[in-house]
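One structure is given here, and the rest of the page talks about it.
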Amino acid sequence: MTVGQAAEPLELPLRSHTMGSARRAALRWEAAQGYAFLLPALVLLLLFHLLPLFYALYLSLFNARVFRDMWQPGPFVGSGNYARLLGTPEFTQSLTNTLWFAGITVPLGLFLAVLFAQLLNARIWGRTAYRATYFLPYITSTVAAAVVWRWIFQPRVGVANSVLEWLGLPAQRWADEPRGIFQLFGQLVGVPLDGWLAGPSLALVTIALVSVWYSVGFNTVIALAGLTTIPADLYEAARIDGASRWHLFRSITLPLLTPTLLFLLIVETIRSFQSFDFFYQMMAGVPVPGAKVVTIYLYEQGFKSFNLGYAAAIGMLLFAIIFVLTLLQFRATRSRVVYAD
Amino acid sequence: MALGDARAGQRPVRSVSSGVARVRPVGLRVPRRSQIARHVALLGFGFLIAFPFIWMLLTSFKPFEETLSSPPTILPVQWRPENYAEAWRRSRLT
């Protein structure tokens with residue numbers, strides 16, 4: 001976009017009548033140069049983003065298993081894969097799991113990001129060390145992080161259970177626990193909870209916590225950048241008027257942070273729906289049903305059972321859900337977003 | 001990272017009382033008592049965030065049998081830095 005703008009000279013209004021043909025040719029040459037600079041990025045985008053997307057859409061219309069001819073992947077079934085998908089309890093269960101996962105990681109991630117950014121946005125000793133520590137998980141390989149977390153949450157020798165024991169609580173199976181967290185909590189206090197009331201499985205919640213741990217550094221940096229754009233005089237004026245710290249946060253920080261929060265909300269939602277690596281690695285290939293999210297289900301169907309057409313349909317449906325959710329978030333938050341200037 | 005610093009530096013306030021124009025940073029200053037609270041909170045969350053790294057470092061010095069002990073030892077009872085030599089050798093980087 002910026003390249004295109006740079007290629008247009010400033011005297012645009014004069015273009016229509018007074019411009020000589022030599023000038024116009026020069027303009028066109030400049031535009032061509034601009035597009036030439038864009039070309040490598042466009043080619044990559046087309047080859048590795050758009051074409052696979054449309055091919056997946058094509059593939060999802062066939063009962064494609066193992067095939068040779070790219071354009072003849074198997075018998076044409078039309079919307080058959082989609083119909084089968086919506087009638088499969090395993091899929092709807094995985095969708096519920098994904099929704100739980102998003103429902104945990106997005107609010108928790110945003111809350112912690114704002115909290116950490118507030119804490120770090122001060123002139124205090126060791127600020128750089130704190131910021132580096134908080135950002136550390138994000139630059140770690142997820143595979144390495146998952147191995148360490150799996151060790152920490154290991155049911156027999158993990159340190160997480162030692163902490164629980166030290167607190168006088170029963171040991172848990174963490175990432176291997178298919179039972180719901182409300183159910184487990186209910187057991188502790190003697191209230192039986194089943195079905196819907198059981199809540200998301202402890203395995204899912206464990207992985208959600210690891211996922212929040214991983215991305216909180218990135219979110220905090222974004223929130224910090226948002227905080228530094230808020231003019232300091234607003235706070236001074238409010239303080240002179242006798243505003244409390246809560247009022248400063250509620251009436252200045254939060255409203256002026258909404259563009260940043262909107263960005264984080266959308267990015268985190270998309271990330272949570274696409275999340276795959278921690279699920280794949282923490283459950284070591286044998287997923288607990290209560291933590292089998294859509295991406296894991298897609299992987300199993302596509303690359304273990306080789307139901308490629310069916311897997312492509314799952315992918316397209318996931319794409320559609322993310323797309324609609326993002327649009328809805330833009331809609332819902334548009335009126336509430338306050339820009340500083 | 002230095003954004004906050006830069007902004008605080010851009011808005012100097014001259015204290016008139018002392019007679020000499022003295023530049024003082026504004027905006028991000030915090031009173032002493034809430035500074036301590038802030039450090040406590042930052043250290044607490046920082047420990048939780050850094051815990052996997054700490055645990056990995058501690059485990060890397062334990063002999064294999066000790067990593068399987070239940071309850072786990074915090075500091076290695078028996079330090080075994082040979083783990084690193086072994087990992088290097090097995091990775092066949094050289």
Side-chain angles (χ1 to χ4, degrees), chain A residues 112 115-116 118-138 140 144-163 165-166 171 209-210 212-214 216-217 220-221 224-225 227-236 245, chain B residues 1-13 23-76 83 87 91:
Chain A
L112 287 178
L115 177 69
F116 292 168
Q118 282 279 58
L119 286 173
L120 288 167
N121 191 29
R123 329 183 105 254
I124 47 163
W125 188 84
R127 183 167 61 160
T128 316
Y130 283 131
R131 289 185 178 185
T133 308
Y134 282 56
F135 199 65
L136 204 54
Y138 195 68
T140 310
V147 169
V148 176
W149 277 113
R150 208 164 65 199
W151 194 242
I152 290 172
F153 286 124
Q154 215 281 335
R156 274 184 305 113
V157 297
V159 71
N161 273 344
S162 305
V163 173
E165 200 181 353
W166 182 67
L209 290 180
V210 173
V212 168
W213 167 86
Y214 172 74
V216 79
T220 303
V221 167
L224 256 174
L227 283 183
T228 48
T229 61
I230 301 174
D233 15 357
L234 288 178
Y235 291 111
E236 278 165 41
R245 283 173 71 176
Chain B
M1 290 282 169
L3 274 174
D5 283 327
R7 193 166 55 96
Q10 270 168 16
R11 297 174 181 279
V13 158
V23 174
R24 203 152 49 89
V26 175
L28 297 167
R29 262 179 327 120
V30 194
R32 170 79 43 91
R33 201 161 38 127
S34 81
Q35 268 212 6
I36 294 170
R38 203 176 277 257
H39 274 295
V40 169
L42 282 171
L43 279 173
F45 285 118
F47 176 74
L48 284 181
I49 288 174
F51 183 76
F53 299 100
I54 300 168
W55 197 246
M56 180 166 62
L57 189 70
L58 290 174
T59 308
S60 75
F61 284 105
K62 292 176 187 171
F64 178 69
E65 296 74 27
E66 198 180 329
T67 62
L68 296 176
S69 70
S70 174
T73 53
I74 296 172
L75 282 178
N83 285 338
S91 69

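Note on naming: letters A, B, ... go to the chains in the order of the sequence lines (proteins, then strands), and numbering restarts at 1 for each one. Only heavy atoms go into these numbers, but all of them, side chains included; no hydrogens, no water, no symmetry mates.
A side-chain donor-acceptor contact under 3.5 Å links A/Thr228 to the backbone of A/Leu224.
Of all heavy-atom pairs spanning A/Ala122 and A/Arg127, the tightest one is O-CD, 3.1 Å. Closest approach of A/Ile124 and B/His39 over heavy atoms only: CB-NE2, 4.0 Å. In terms of heavy atoms, B/Glu66 sits closest to B/Pro76 at OE2-CA, 3.3 Å.
Of the atoms belonging to A/Val216, it is side-chain heavy atoms, and not backbone ones, that fall under 4.5 Å from chain B. For a residue to count as touching a neighbouring chain, one of its non-hydrogen atoms must lie under 4.5 Å from one of that chain's; by this rule A/Val159 touches chain B with backbone and side chain alike. For B/Ile74, no part sits under 4.5 Å from any heavy atom of chain A, backbone or side chain. Both the backbone and the side chain of A/Leu136 come within less than 4.5 Å of a heavy atom in chain B. Looking at A/Tyr235, neither its backbone nor its side chain comes within 4.5 Å of chain B, counting heavy atoms on both sides. Proximity to chain B is limited to the side chain of A/Trp151, based on heavy atoms less than 4.5 angstrom apart. Both the backbone and the side chain of A/Thr133 come within less than 4.5 Å of a heavy atom in chain B. In this structure, chain B has no heavy atom under 4.5 Å from any part of A/Gln154.
The candidate with the highest count of non-hydrogen atom pairs below 4.5 Å against chain A, out of B/Ser69, B/Pro72, B/Pro71, B/Pro52, is B/Pro52. Interface remark: of the candidates A/Thr140, A/Asn161, A/Val147, A/Thr140 forms the most heavy-atom pairs closer than 4.5 Å to chain B.
B/Phe61 meets the ring-ring contact (aromatic ring centres under 6.0 Å, His included) test with B/Trp79, B/Tyr84; sequence neighbours excluded. Not counting sequence neighbours, the partners of A/Tyr138 by the ring-ring contact (aromatic ring centres under 6.0 Å, His included) test are A/Phe135, A/Tyr214, A/Phe218. For A/Phe116, the ring-ring contact (aromatic ring centres under 6.0 Å, His included) criterion is met by A/Tyr134, B/Phe45, not counting sequence neighbours.
Between the CG atom of B/Leu43 and the CG atom of B/Leu48 there is a distance of 11.5 Å, given to the nearest 0.5 Å. Of the inter-residue distances, the one linking A/Thr128 atom OG1 with A/Arg131 atom CZ reads 7.0 Å to the nearest 0.5 angstrom. Atom OG1 of A/Thr220 is separated from atom CG of A/Asn121 by 12.0 Å, given to the nearest 0.5 angstrom. The line from CZ of B/Arg38 to CD of A/Gln118 is 7.5 Å long, rounded to the nearest 0.5 Å.
The interface of residues 53-60 of chain B with chain A, defined by heavy-atom distances below 4.5 Å, comprises B/Phe53, B/Trp55, B/Met56, B/Thr59.
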